[in-house]
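Heads up: the structure comes next, in structure tokens.
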There are 2 protein chains.
Amino acid sequence: MKPFEKLPIEKQARIVNASILEFAEKDYETASMNKIVDKAGISKGSLFNYFKSKSSLYNHIYQLALGEVKAYLQKVRDETAELPFDVRMAKIVDSGIQFITQHPRLARIYFRLIYSGDSPHRKKVISELQSMSDKYLGGIIQDAMDRNELNAQLDKTQAVFFLDSVLNRFLKDYHETLELGENNRFNKEKWVKGITEFFTKGFK
Amino acid sequence: MKPFEKLPIEKQARIVNASILEFAEKDYETASMNKIVDKAGISKGSLFNYFKSKSSLYNHIYQLALGEVKAYLQKVRDETAELPFDVRMAKIVDSGIQFITQHPRLARIYFRLIYSGDSPHRKKVISELQSMSDKYLGGIIQDAMDRNELNAQLDKTQAVFFLDSVLNRFLKDYHETLELGENNRFNKEKWVKGITEFFTKGFK
DNA sequence: ATATAAATTGACCGGGTGGTCAAATTAAGC
DNA sequence: GCTTAATTTGACCACCCGGTCAATTTATAT
């Protein structure tokens, strides 16, 4: 049993929260173990006892963030399995918005990961996320093709790419406007409708 | 006249190249003035004489990269002013590919900028780039609408957003596969065709 | 209460950072 | 050739980094 897991839950939570805060605020290189230690109210030696290095602490947080994301994605996929493509898309976007509203700091870490490859294990992590997204969106598209909702001659790889580009970019921008506390430039209903129409009909 | 401009062109070039190399390799915070000084073969005091701070040196490089990008964009826009939407799109993608092939390090700085806001002046720079992209792509779309090539009821803001998402993401991924020296997973002709078809027809 | 084991601490290490400035070098004017 | 001005240099500063480990505190068992 790893030393960290032996800790009282409350202390674990303090450490995890402090780490999330720091890694959300700064990228991996710039984030500071000293700051985390201060925020968590523990000593430096302890932190390095629980996690043997900065990299392994980051990994812990990363796994945690990814687990949250996956849970949201799987939930919405399963709940919408029988619905038509455009409705599914709308629900997926909704679910994404819900995630970044409820976990803004995890979202920040996640977006930094997929857009900057911000991680000590860049290559591995990026290809992991890539294939996760491919499987997920690929499945959604395949379902729709099987039901003759989409053009049967669609290039699936490209379709996944376009979906991924627009969805992630939309959620990233939505997340940023939320964090800046600006008047939200995204009317949710309008954009969800716009996105699904764009996918099905294009600009014509 | 600023001290840097008084330098012989050759020396200026050495400094600029060293800076581009360093800022392409590492993000703003992680990039090192010491490394730049070494690469350029000048002393630290000199560099801080030419540029009063790291931030102002970065700004110089940023302006330079942005100028290059703008030149490419304007050229292809003007040269394709009379062509139909889909052909224009194809030429714009081509031009983007040409840019990242000829200036891979500037491209890297540019992508880090738009995807991570990697700059000492985040907010200012991001909104600058945003409005640049809005004007540029907005113009292309307007042209096409004026010629009845696109649905007249298109929401222009959204259309620009979708264009921007897919184009930038495509070029970013293309750039990354180039840098990794992998077998290029992007067959250029196939993807250019796929992108333009996606914009005009969607997935149906 | 005491001896032992486990957990926690923080001073300390080598190294890197952006930035400074007195001193040394080079260029210019006469 | 000599003097003055402009340029260049790199040792140095205060600060921060990830990581270590002897010493101290806390918990456990008898």
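By convention in this document, chain letters (A, B, ...) are assigned in the order of the sequence lines, proteins followed by strands, and residues within each chain are numbered from 1.
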message = More than 12 heavy atoms of other residues, nucleotides or ligands under 6.0 Å from CD of Glu82(A): yes or no?
response = no
ask   = For residues 12-34 of chain A, which residues have at least one heavy atom under 4.0 Å from DNA chain D?
value = Ala31(A), Ser32(A), Met33(A), Asn34(A)
task = Please identify each residue that fulfils side-chain hydrogen bond (donor to acceptor under 3.5 Å, both in side chains) with Asn49(B), with sequence neighbours left out.
result = none
ask   = From the 5' end of DNA chain D to its 3' end, which nucleotides mark the outer limits of contact with chain B, defined by a 4.0 Å heavy-atom distance cut-off (strictly under)?
value = dT7(D) to dG10(D)
key: side-chain contact (heavy atoms from CB on, under 4.5 Å) against Lys35(A), all qualifying residues, sequence neighbours excluded   = Glu22(A), Ser32(A)
note = Residues passing the side-chain contact (heavy atoms from CB on, under 4.5 Å) test with Asp27(A), sequence neighbours excluded, are Glu29(A), Thr30(A), Arg112(A), Asp118(A), Asp27(B)
Listed partners of Lys188(B) passing side-chain contact (heavy atoms from CB on, under 4.5 Å), at least two apart = Asp94(B), Ile97(B), Val192(B)
Partners passing side-chain hydrogen bond (donor to acceptor under 3.5 Å, both in side chains) against Lys156(A) (at least two apart in sequence or in another chain) = Gln142(A)
query = Sequence neighbours excluded, which residues qualify as side-chain hydrogen bond (donor to acceptor under 3.5 Å, both in side chains) partners of Tyr62(A)?
reply = Glu128(A)
message = I'd like to check the ring pair (Phe, Tyr, Trp, His ring centres under 6.0 Å) partners of Phe85(B); sequence neighbours left out, ordered by chain and number.
response = none
request  = Please identify each residue that fulfils side-chain contact (heavy atoms from CB on, under 4.5 Å) with Pro104(B), with sequence neighbours left out.
outcome  = His175(B)
request  = For Tyr115(A), enumerate each residue passing the side-chain hydrogen bond (donor to acceptor under 3.5 Å, both in side chains) test, keeping only those at least two apart in sequence or located in another chain.
outcome  = none
remark   = Going 5' to 3' through nucleotides 5-12 of chain C and flagging B where a protein heavy-atom sits under 4.0 Å of the base, S where only the sugar-phosphate is that close, and - otherwise, we get --SBBB--
